[in-house]
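Owing to the predicted nature of the structure, the values given are computational and were not obtained by experimental measurement.
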Amino acid sequence: MIRRLLFWSLFVCFIFPPSLFPQAWTPPRGEGYVSLTFEDMFVKDHFLSSGDRIDIGHIRTIGIVQSIEYGITDRLGANLSLPVVASKYYGPDPHQIPIDNGNYHGGTQDFRVGLQYSVRQRPIAVTPFVTFIIPSRDYTFYAHSAVGTNQRELALGIAAGGRFERLLPNAYFQAAYSYGIVGLVTGVRPNRNRMSLEGGYFVGRHLTFRVLADSQITQGGFNIPQDFPQINDFPLVADERWRHHDQSANINSLNLGGGIDVALGRRWDVSAALTHSLWGQNGHAMRTGLSAGISWSFRTPWARPTNADIAPPTTSTTHAH
């Protein structure tokens with residue numbers, strides 16, 4: 001039964017997805033969204049600090065992200081998500097065995113709990129937010145095929161979005177910036193600046209095309225290979241600092257992509273997106289990143305009445321008493 005449920009979850013997510021980019025608009029009071037997203041990422045190369053790419057093996061990562069967003073008030077929203085990830089590495093330089101033995105290894109990754117507050121809604125929506133990232137368990141982080149970095153993080157940010165009502169009435173944009181604060185790792189604190197930009201165009205009422213960009217610039221951290229002289233003997237020699245390099249490296253990146261959204265009625269939305277790493281330092285070079293899933297909007301008894309809810313009942317003018 002569990003295998004069947006997992007198979008159908010993967011199938012549905014592969015066909016139908018929601019957007020995972022930061023949102024500048026919060027749900028109305030008492031309303032929310034539930035989404036299920038499938039992700040498939042393929043890493044062909046690794047970036048050095050110079051930006052050069054080297055091929056030391058390939059990484060395939062698949063995952064399901066369950067998330068919910070809810071409007072506490074018309075301005076205050078909350079969100080919660082938990083990815084379930086499986087990854088495998090196949091190449092000549094595994095970090096450690098058995099996790100890098102060429103088979104998939106995985107499990108739950110990190111809880112993401114967030115709050116956002118809309119300080120302005122027109123003409124440009126402006127929404128500060130805070131996100132807490134908490135590992136769901138003490139998983140292995142020293143591996144090519146690790147599900148994550150196993151770090152707590154506090155991210156403070158702001159999102160903004162709007163419409164080009166005069167020039168392009170069917171177009172919109174939204175952008176977000178966050179500053180992620182992490183703990184001290186082998187003498188450094190690699191805090192992360194993250195930025196995302198999205199532009200979209202509505203084609204009718206049900207179809208939207210999107211252009212996507214996201215970037216990370218790390219403040220501090222180690223560079224590869226110059227800060228790890230033992231890397232020449234890798235994987236035979238691995239000191240404590242190298243074992244934490246995924247947590248402490250000065251990882252920078254720039255990814256570009258595009259996507260499509262389709263509205264299926266009033267409650268259901270499906271979408272898909274494809275991204276690619278254009279540039280990076282000290283991290284993974286993503287050749288393809290596919291996301292696909294489905295989202296469902298819901299209303300609770302605390303939601304504001306709609307026009308249909310408050311409309312008076314229709315009275316027949318032909319009925320004879």
So, the side chain of [X] versus the backbone of [Y]: is there a donor-acceptor pair under 3.5 Å, distance only?
X      : Y      : answer
Asp110 : Arg112 : no
Arg192 : Thr218 : no
Ser277 : Ala285 : no
Thr275 : Asn255 : no
Asn193 : Gln216 : no
His284 : Val43  : no
Thr140 : Tyr142 : no
Ser215 : Ser253 : yes
Thr108 : Val84  : no
Asn282 : Asn250 : yes

Can the ring centroids of Tyr89 and His95 be said to lie less than 6.0 angstrom from one another?
no
No-hydrogen, no-angle side-chain donor-acceptor test under 3.5 Å, [X] and [Y]:
X      : Y      : result
Thr61  : Ser87  : yes
Asn191 : Tyr179 : yes
Glu198 : Gln174 : yes
Ser35  : Ser67  : yes
Glu69  : Gln116 : yes
Gln226 : Ser49  : yes

Please lay out, stage by stage, how Asn170 and Val203 fare under the test side chain to side chain contact (heavy atoms under 4.5 Å, CB included).
CA-CA 7 Å; Asn170 291 342; Val203 181; over 6 Å; no
Does [X], at its [atom1] atom, have more than 12 non-hydrogen atoms belonging to other residues, nucleotides or ligands within less than 6.0 Å?
X      : atom1 : result
Arg287 : CZ    : no
Trp302 : CH2   : no
Arg137 : CZ    : yes

With a 4.5 Å heavy-atom cut-off, do [X] and [Y] have their side chains touching?
X      : Y      : value
Asp269 : Ile294 : no
Val65  : Glu39  : yes
Gln121 : Arg75  : yes
Met195 : Ile217 : yes
Trp268 : Val262 : no
His144 : Gln96  : no
Val130 : Leu154 : yes
Phe129 : Leu115 : no

Gap separating the [atom1] atom of [X] from the [atom2] atom of [Y], nearest 0.5 angstrom:
X      : Y      : atom1 : atom2 : result
Thr186 : Trp242 : OG1   : CH2   : 12.0 Å
Tyr33  : Ser295 : OH    : OG    : 8.5 Å
Asn79  : Thr26  : CG    : OG1   : 11.0 Å

Per the ring-ring contact (aromatic ring centres under 6.0 Å, His included) rule, what does the pair list look like for residues 48-82, sequence neighbours excluded?
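Non-adjacent pairs meeting ring-ring contact (aromatic ring centres under 6.0 Å, His included): Phe42-His58, His58-Tyr90.
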Can you hop from [X] to [Y] via hydrophobic side chains spaced under 4.5 Å?
X      : Y      : result
Leu212 : Leu254 : no
Trp296 : Ile68  : yes
Phe173 : Leu167 : no
Ile54  : Phe222 : yes

Could you go through the side chain to side chain contact (heavy atoms under 4.5 Å, CB included) check for Arg210 and Tyr201 one step at a time?
CA-CA 7 Å; Arg210 297 183 292 141; Tyr201 190 83; over 6 Å; no
Ser145 and Asp100: CA distance, side-chain angles, deciding distance, side chain to side chain donor-acceptor pair (under 3.5 Å) verdict
CA-CA 6 Å; Ser145 54; Asp100 282 339; 2.7 Å; yes
Where do Arg189 and Leu184 land on the side chain to side chain contact (heavy atoms under 4.5 Å, CB included) test, with the steps shown first?
CA-CA 5 Å; Arg189 190 186 302 274; Leu184 197 67; 4.1 Å; yes
Among residues at least two apart in sequence or on other chains, which ones pass side chain to side chain contact (heavy atoms under 4.5 Å, CB included) with Arg163?
Glu165, Tyr172, Phe202
Please determine whether a side-chain nitrogen of the Lys or Arg among Arg194 and Asp214 lies less than 4.0 Å from a carboxylate oxygen of the Asp or Glu.
no
Salt bridge check, Arg241 against Asp227: does any charged N sit closer than 4.0 Å to a carboxylate O?
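Salt bridge: no.
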Please test Arg29 against Arg304 for side chain to side chain contact (heavy atoms under 4.5 Å, CB included), starting from the C-alpha separation and ending with a verdict.
CA-CA 7 Å; Arg29 185 190 72 184; Arg304 296 186 183 278; 3.6 Å; yes
Residues which pass salt bridge (Lys or Arg N to Asp or Glu O under 4.0 Å) with Arg53, listed by chain and number, not counting sequence neighbours
none
